[in-house]
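This report concerns only the one structure given below.
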Amino acid sequence: MVPDLNPVVLLFASIFTSNILLANFLGMCSFISISKDMKSSNGLGLAVTVVLTLTAMLNWVLLQYVLIPLDLLYLRYIIFIIVIAATVQILEMVIDRVSPALYMSLGIFLPLITVNCAILGVALFMQIRNYSFLQTVIFAFGSGLGWWLAIVALAAIQKKLVKAPVPAGLKGPGITLITIGFMAMAFIGFSGMLSVQ
Amino acid sequence: MNFLIAPIVVAVISGILAAAISIVDKIVNNYGEVNISINGGKKVLALNGGESLLSSLASQEIFIPSACGGRGSCGACKCQVTSDVGIHLPTEIPYLDKKEMAENIRLSCQVKVKADIDIMIPEDLFNVKKIKSKVLSIRDVTHDIKEVKFDLQGEEINFKAGRYVQLVVPPYNKIKGSTQRAYSMSSKPDDKGFVELLIRLVPGGIATTWAHTLLLVGMEVDLIGPFGDFERSETEATMVCVAGGSGMAPFKSILYDMFEKGEINREVWYFFGARTTKDVLYLEEMMELDSKWDKFHFIAALSEPEEESGWTGETGLITDVLDKYLKTKINKEKAREGYLCGSPGMIGACNNVLTANDITIDNIYYDNFA
Ligand SMILES: Cc1cc2nc3c(=O)[nH]c(=O)nc-3n(C[C@H](O)[C@H](O)[C@H](O)COP(=O)(O)OP(=O)(O)OC[C@H]3O[C@@H](n4cnc5c(N)ncnc54)[C@H](O)[C@@H]3O)c2cc1C
Ligand code: FES
């Protein structure tokens, strides 16, 4: 059964109240390591949004027209990951051609999007929740924007944190994780307003 | 048959995606025809983009020095790019200083030609040629150095004594790609028709293992050159030359060139460091030159002479011997210049000895065999 959801509500919910990163804690590794620099954060946010939307669409088609009809649902992990890997590979070649500067600044994190759990997470959510194609696109795009928003917000906070008197033992990942905890609480505060489960 | 469905589905989907990747690769990495404009348009080359600047130029017979053969480990292939080709890559930065970065000097083996590009190269490089030569003779001059003569088959290399050529080593055994290595010419510029190199075996080395085991008389080998800037200055200053092992090569060329051109009024001291008499190459030839040429002094220093050899020359480390002569024998009143050739370690150590004896760093020339 396709859930009955207002597209606008779904978009806002996936960006804010069910933020893939801060409510579901998916896609943490690159989030933590690249959020030190605003420009790379923006680049990676854009790349994640594009990959997320593209792969969710492709995966939806494969799910509905190949896996479900052939009763091969158990193959979804493998298929989803292959699709994600191929999409990232193609995107990498295109970015290298179109914007070498962006390619250089993303560095190792571009191929690492392949193993970004937010991407696989979204594909699995759309299957579990039985989304329609349109809902899948909106949900994936919204999750991408939400991830982007979160990483840019964290990069901005990190910029201020540089000047803060952080105890030596908490410098680096320690204070970053605590910060993310506070951000998550702020986002989850909205979760009563809109729900997409 | 149902058990086949899953593998087939995975295979088909993977196949389609792989095909998509290679199609995108074809489209995205096809840069079409691009122009390389050299020295403000003096020469314009049209070729297909996508290759490194070094190999793009080589394909049009313009050879940038590339002692490591394009692996990004020698820094010899520097070239100024005056159009925008993006920021310096992490592989280039270690070889460039601040000034070079500011002038957008790049390692041509690392920069990919993707669009029209403007570059500046020294005019000299237009003289560099690739010559199909034939091995004329191979001779052991010490237990680990071979003297190899190459017949240029009618071609000519015009060079100043001290320059080097790049030997093109074809793929062999497990070495898949063709490589290039730099070797100083030990023959004189006047020896038209052939070039002589002294190749010391580096255990496990790609080029030298090939040259010592697989290179045979009569084989055809490509040489690219001349390259480099090692040469004698045009002054009257006393030359203090120091070499070890195959570092003999450029000096052999320079010394015989001077002698034959009658530049014999210049004082030349040539220190050659080795372990035993077996490691000294051209000992007799150098002694003979010493006796024929008043102002030329050949000093071989052995660190471990064999008991039975009856060695009466200098013993000890080359740096100590050099220091002793600089302090006691070589006229300090006259201007002196240092010429060093060999491994980075030797060059560094001798540099210290020379500067400690008041030869300033701008008067020391060296050829680093790294
Ligand atoms: C301007 C210039 C002039 C040169 N002239 C001569 C010459 O006249 N005669 C000559 O024999 N060589 C000369 N060399 C050195 C030569 O170019 C090669 O580097 C050397 O022969 C080793 O090549 P390979 O392929 O056998 O070793 P590779 O496969 O490149 O290296 C194998 C290993 O040996 C080390 N190694 C590389 N070179 C040396 C070295 N010289 N001594 C000790 N270890 C080394 C490397 O770091 C590596 O670990 C010159 C180099 C330069 C840059
Ligand atoms: S050829 Fe050696 S660094 Fe480019």
Side-chain angles (χ1 to χ4, degrees), chain A residues 37 39-40 43 50-51 54-111 113-114 119-120 123 127, chain B residues 1-34 48-53 56 72 81 83-94 96 101 104 106-117:
Chain A
D37 161 46
K39 230 179 116 206
S40 313
V50 173
V51 174
L54 280 177
T55 55
M57 279 156 50
L58 277 171
N59 281 331
W60 187 89
V61 172
L62 287 174
L63 180 72
Q64 299 297 330
Y65 295 102
V66 180
L67 298 185
I68 293 177
L70 292 176
D71 200 19
L72 292 174
L73 207 54
Y74 64 91
L75 278 183
R76 62 187 185 277
Y77 299 99
I78 295 183
I79 299 293
F80 289 173
I81 287 178
I82 297 178
V83 168
I84 292 167
T87 311
V88 171
Q89 178 77 46
I90 290 175
L91 195 72
E92 209 184 324
M93 292 191 290
V94 174
I95 294 183
D96 186 16
R97 176 76 200 252
V98 177
S99 168
L102 177 60
Y103 183 76
M104 292 285 303
S105 74
L106 291 181
I108 181 72
F109 292 101
L110 198 53
I113 293 182
T114 311
I119 317 263
L120 183 63
Q127 179 251 322
Chain B
M1 289 306 277
N2 276 347
F3 66 93
L4 276 180
I5 295 179
I8 290 175
V9 166
V10 175
V12 169
I13 292 178
S14 317
I16 294 174
L17 290 171
I21 291 178
S22 44
I23 291 170
V24 172
D25 184 42
K26 282 257 154 52
I27 299 170
V28 168
N29 290 328
N30 175 9
Y31 294 90
E33 195 174 276
V34 295
N48 279 327
E51 293 283 324
S52 75
L53 180 56
S56 301
V81 178
S83 58
D84 184 22
V85 286
I87 52 172
H88 284 89
L89 302 173
T91 43
E92 298 176 82
I93 292 167
L96 303 169
M101 298 274 280
N104 203 28
R106 310 294 297 245
L107 293 191
S108 61
C109 66
Q110 301 298 310
V111 173
K112 224 169 151 187
V113 181
K114 298 177 177 175
D116 289 357
I117 180 173

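Atom set for the values below is all heavy atoms of this structure, side chains included, hydrogens, waters and symmetry mates excluded. So you know, we letter chains A, B, ... as the sequences are listed, proteins then strands, and number each from 1. Keep in mind that what you see is a predicted model, and the values were worked out from it rather than measured.
Judged as a side chain to side chain contact (heavy atoms under 4.5 Å, CB included), and not counting sequence neighbours, the contacts of B:Ile16 are B:Val12.
Counting heavy atoms from C-beta outward, A:Leu63 and A:Phe80 have side chains that approach closer than 4.5 Å. Contact annotation: the side chain of B:Val10 approaches that of A:Leu75 to within less than 4.5 Å [non-hydrogen atoms, C-beta and beyond].
Contacts between B:Ile13 and chain A at a heavy-atom distance below 4.5 Å involve the side chain alone, from C-beta outward. Contacts of B:Ala20 with chain A are made by both backbone and side-chain atoms, with heavy-atom separations under 4.5 Å. For A:Val83, the parts sitting under 4.5 Å from any heavy atom of chain B are the backbone and the side chain alike. With a threshold of 4.5 angstrom between heavy atoms, A:Leu58 does not approach chain B through any atom at all. If you measure heavy-atom distances from A:Ile79 to chain B, the contacts under 4.5 Å come from the side chain alone.
Your options are B:Val9, B:Val24, B:Ile5, B:Ile21, and the one with the most heavy-atom pairs under 4.5 Å with chain A is B:Ile21.
Heavy-atom minimum distance, A:Leu72 versus B:Ala6: CD2-CB, 4.0 Å.
Taken from CG in A:Leu70 to CD1 in A:Ile68, the straight-line distance is 10.5 Å, to the nearest 0.5 Å.
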Donor-acceptor pairs between chain A and chain B under 3.5 Å, which ones?
{"from": "A:Arg97", "atom 1": "NH1", "to": "B:Val28", "atom 2": "O", "distance (Å)": "2.7"}
{"from": "A:Arg97", "atom 1": "NH1", "to": "B:Asn30", "atom 2": "O", "distance (Å)": "3.2"}

Notebook entry, point to check: Taking it one step at a time, do B:Val34 and B:Ile117 satisfy side-chain contact (heavy atoms from CB on, under 4.5 Å)?
Noted result: CA-CA 8 Å; B:Val34 295; B:Ile117 180 173; over 6 Å; no
